[in-house]
Amino acid sequence: MAPAADREGFWGPTTSTLDWCEENYSVTWYIAEFWNTVSNLIMIIPPMFGAIQSVRDGLEKRYIASYLALTVVGMGSWCFHMTLKYEMQLLDELPMIYSCCIFVYCMFECFKIKNSVNYHLLFTLVLFSLIVTTVYLKVKEPIFHQVMYGMLVFTLVLRSIYIVTWVYPWLRGLGYTSLGIFLLGFLFWNIDNIFCESLRNFRKKVPPIIGITTQFHAWWHILTGLGSYLHILFSLYTRTLYLRYRPKVKFLFGIWPVILFEPLRKH
C-alpha cells in the first residue's frame, strides 16, 4: 500500500494490492502516479499503428492480435497507475498474461503453413489463462502473477534462442536486442522495488528534472514496452521469412523500427 507520506487525490484511497515507488499525486491531483502512467504511451500508440499496418498487409490475425494485446496492456497499466484501484490493477496484470500467451502461440507457430490453426496449443494457452485468472482472483497475491508471467517470458526466451541459434542465426541482432532491452527494464523494476526509500530521499534533494530520471518503474514501462514491440517484430520477421517473403526492418524518422516486406516474386 501507499507509504504514509503519500496523499490522496482525485481517485480516493488506494485499493490496489501494489503501490509503486513514485510519490502519489505529486504532479497532478488527477493522476496518482504521473510518470508511471504517461510512460505507458509507448505500449499504446506504436502497437496500434502496427496493428493497422498488419491489417493493410493482410497478415495473419494472430499478429494483429499481438499488437492489439500490447496496446491493451498499456491501456490497462495507464488506468492502474492513474487510479491505484484494484479493478484497474487487474486490467493491467491479467492482459499481461493474455498477451504473452498470444506471443507464445505466434512463436511456436512460426513454421506452419499459412493461416493454419493449432487447436491443441490454443486450448492449452486458453486453459492456462483461465486457471491463472481464477487463482489470481482468489488469492490476490502479486507474486503468483509475477511467477506466472515470468514462466511465459522464459518460454519466449527459450524459443527465441532456439530460432536464432538453429534456424535463422542472422536474426540474432533483433532477437537479442529485444531480450536485452526487456531485461534492462526488469533490472530497473527491481531497483525501483529494492531501493525505493533511498530513491525517494534522493528525489527530495535534487531538482525535479533530475528526480524524474529516477522513476525506474516508468523506465520499466518504456523498456519492456519497446522490448515487447521488438519481440513482435522478431516473431513477424521469422514468420514472413518462413513464408518466403522478404522482410526488412526500417526506422521511421530514423528512430522507430517497423517491419516492411513484400511477397517473393514468382518467375
Side-chain angles (χ1 to χ4, degrees), residues 1-48 68-99 133 136-146 148-149 184-229:
M1 300 300 290
D6 283 341
R7 61 176 183 171
E8 290 184 14
F10 177 81
W11 300 100
T14 297
T15 60
S16 59
T17 61
L18 292 169
D19 189 357
W20 305 99
C21 191
E22 182 179 351
E23 296 80 358
N24 295 347
Y25 297 102
S26 62
V27 175
T28 170
W29 189 64
Y30 296 100
I31 300 178
E33 296 175 344
F34 182 82
W35 301 110
N36 288 351
T37 299
V38 298
S39 57
N40 285 293
L41 286 173
I42 195 171
M43 283 188 279
I44 298 174
I45 298 176
M48 288 178 63
L68 292 179
L70 184 56
T71 296
V72 170
V73 171
M75 294 173 67
S77 183
W78 177 291
C79 293
F80 169 37
H81 291 285
M82 180 174 67
T83 66
L84 291 180
K85 293 297 184 181
Y86 175 68
E87 296 79 8
M88 298 299 105
Q89 179 182 347
L90 295 177
L91 195 61
D92 172 16
E93 293 176 330
L94 291 178
M96 291 171 65
I97 299 294
Y98 308 152
S99 63
T133 299
Y136 191 47
L137 290 175
K138 182 72 174 178
V139 301
K140 298 182 180 181
E141 176 52 64
I143 293 179
F144 170 76
H145 168 267
Q146 291 161 10
M148 294 299 102
Y149 179 68
L184 181 60
F186 181 61
L187 173 64
F188 285 169
W189 182 85
N190 281 283
I191 291 174
D192 190 73
N193 289 332
I194 297 170
F195 301 105
C196 179
E197 185 175 352
S198 299
L199 289 170
R200 285 189 164 209
N201 290 332
F202 176 77
R203 287 196 284 265
K204 291 177 182 177
K205 301 174 183 177
V206 299
I209 191 66
I210 296 178
I212 292 170
T213 64
T214 67
Q215 298 289 357
F216 289 114
H217 193 84
W219 282 111
W220 151 260
H221 288 161
I222 293 169
L223 293 171
T224 55
L226 176 57
S228 297
Y229 177 87

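These values consider heavy atoms only, across backbone and side chains, with no hydrogens, waters or symmetry-generated copies.
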A.B. asks: Working to the nearest 0.5 angstrom, can you tell me the gap between Leu84 CG and Thr17 OG1?
C.D. replies: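 Reported to 0.5 Å precision, the distance equals 10.5 Å.
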
A.B. asks: Counting N and O atoms only, with roles assigned by atom type, does the side chain of Gln215 sit under 3.5 Å from a partner on the main chain of Asn36, one being a donor and the other an acceptor?
C.D. replies: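 Looks like no, no N/O pair under 3.5 Å.
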
A.B. asks: Could you check if a side-chain atom of Tyr86 sits within less than 4.5 angstrom of a side-chain atom of Lys140, using non-hydrogen atoms only?
C.D. replies: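 They are in contact (side-chain heavy atoms under 4.5 Å apart), so the answer is yes.
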
A.B. asks: Counting C-beta onward and ignoring hydrogens, is there a side-chain heavy-atom pair between Met43 and His221 closer than 4.5 Å?
C.D. replies: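 A side-chain contact under 4.5 Å exists here.
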
A.B. asks: From Cys196 SG over to Glu23 CD, what is the distance, rounded to the nearest 0.5 angstrom?
C.D. replies: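 Reported value, rounded in 0.5 Å steps: 7.5 Å.
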
A.B. asks: How about Phe80 and Leu90: do any of their side-chain heavy atoms sit closer than 4.5 Å?
C.D. replies: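 SC-SC contact between Phe80 and Leu90 ruled out.
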
A.B. asks: Determine whether more than 12 heavy atoms belonging to other residues, nucleotides or ligands lie under 6.0 Å from atom CD1 of Ile209.
C.D. replies: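 Open.
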
A.B. asks: Calculate, to the nearest 0.5 Å, the distance between atoms CD and OG1 belonging to Gln89 and Thr14 respectively.
C.D. replies: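 With rounding to 0.5 Å, CD (Gln89) is 10.5 Å from OG1 (Thr14).
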
A.B. asks: Examine distances only and state if a side-chain atom of Trp11 and a backbone atom of Tyr30 form a donor-acceptor pair shorter than 3.5 Å.
C.D. replies: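 Judged by distance alone, yes, a pair lies under 3.5 Å.
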
A.B. asks: Supply the atom-to-atom distance Met48 CE to Ile44 CD1, rounded to the nearest 0.5 angstrom.
C.D. replies: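 Rounded to the nearest 0.5 Å, the CE-CD1 separation comes to 8.5 Å.
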
A.B. asks: About how many Å separate CD1 of Ile191 and CH2 of Trp219, when rounded to the nearest 0.5 Å?
C.D. replies: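 Answer rounded to 0.5 Å: 12.5 Å.
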
A.B. asks: Kindly give the heavy-atom pair with the smallest separation between Pro13 and Lys85, and that separation in Å.
C.D. replies: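 Scanning both residues completely, I find the closest heavy atoms to be O-NZ, 2.7 Å.
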
A.B. asks: What heavy-atom pair brings His81 and Ala32 nearest, and what distance separates the two atoms?
C.D. replies: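 Shortest heavy-atom separation between His81 and Ala32 comes out as O-CB, 3.5 Å.
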
A.B. asks: Taking side-chain contact (heavy atoms from CB on, under 4.5 Å) as the criterion, tell me which of Glu33, Arg200, His217 meets it with Cys21.
C.D. replies: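 Of the listed residues Glu33, Arg200, His217, the side-chain contact (heavy atoms from CB on, under 4.5 Å) partner of Cys21 is Arg200.
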
A.B. asks: Looking only at heavy atoms, what is the nearest atom pair of Gly211 and Val206, with distance?
C.D. replies: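 Smallest heavy-atom distance, with atoms named: N-CG2, 3.8 Å.
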
A.B. asks: Could you walk me through whether Met148 and Tyr136 pass side-chain contact (heavy atoms from CB on, under 4.5 Å), step by step?
C.D. replies: CA-CA 10 Å; Met148 294 299 102; Tyr136 191 47; over 6 Å; no

A.B. asks: State, to 0.1 Å, how close Asp192 and Leu199 come at their nearest heavy-atom pair, and which atoms those are.
C.D. replies: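 Looks like CA-CD1, 4.0 Å.
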
A.B. asks: Are Tyr229 and Ile42 packed together at the side-chain level, in the sense that at least one heavy-atom pair is separated by less than 4.5 angstrom?
C.D. replies: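 Sidechains of Ile42 and Tyr229: no contact.
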
A.B. asks: Check the orientation of Trp29 and Phe10. Use parallel for under 30°, tilted for 30 to 60°, and perpendicular for over 60°.
C.D. replies: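 Taking Phe10 first and then Trp29, their aromatic rings stand perpendicular (interplane angle over 60°).
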
A.B. asks: What class does the angle between the rings of Trp189 and Trp220 fall in, given that below 30° is parallel, 30 to 60° is tilted and above 60° is perpendicular?
C.D. replies: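 Tilted.
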
A.B. asks: In sequence, state the C-alpha distance, the side-chain angles, and the governing distance for Leu41 and Trp78, and then conclude on side-chain contact (heavy atoms from CB on, under 4.5 Å).
C.D. replies: CA-CA 8 Å; Leu41 286 173; Trp78 177 291; 3.8 Å; yes

A.B. asks: Measuring only between side-chain heavy atoms, which start at C-beta, is Leu223 closer than 4.5 Å to Phe186?
C.D. replies: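 No, every pair of side-chain atoms sits at 4.5 Å or beyond.
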
A.B. asks: How many angstroms lie between CE in Met96 and OH in Tyr149, if you round to the nearest 0.5 Å?
C.D. replies: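 Here the interatomic distance stands at 4.5 Å.
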
A.B. asks: Please name the pair of heavy atoms, one in Asn40 and one in Ser77, separated by the smallest distance, quoted to 0.1 Å.
C.D. replies: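 So the minimum-distance heavy-atom pair works out to OD1-OG, 2.9 Å.
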
A.B. asks: Which atom pair, heavy atoms only, marks the closest approach of Val73 to Pro95?
C.D. replies: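 Distance-wise, the nearest heavy atoms are CG2-O, 3.5 Å.
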
A.B. asks: Using side-chain contact (heavy atoms from CB on, under 4.5 Å), reason through Leu91 and Glu87 one step at a time and then give a plain yes or no.
C.D. replies: CA-CA 6 Å; Leu91 195 61; Glu87 296 79 8; over 6 Å; no

A.B. asks: With distance as the sole test, does Ser99 use its side chain to make a donor-acceptor pair with the main-chain N or O of Leu70 at under 3.5 Å?
C.D. replies: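 Here the side-chain-to-backbone pair does not exist.
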
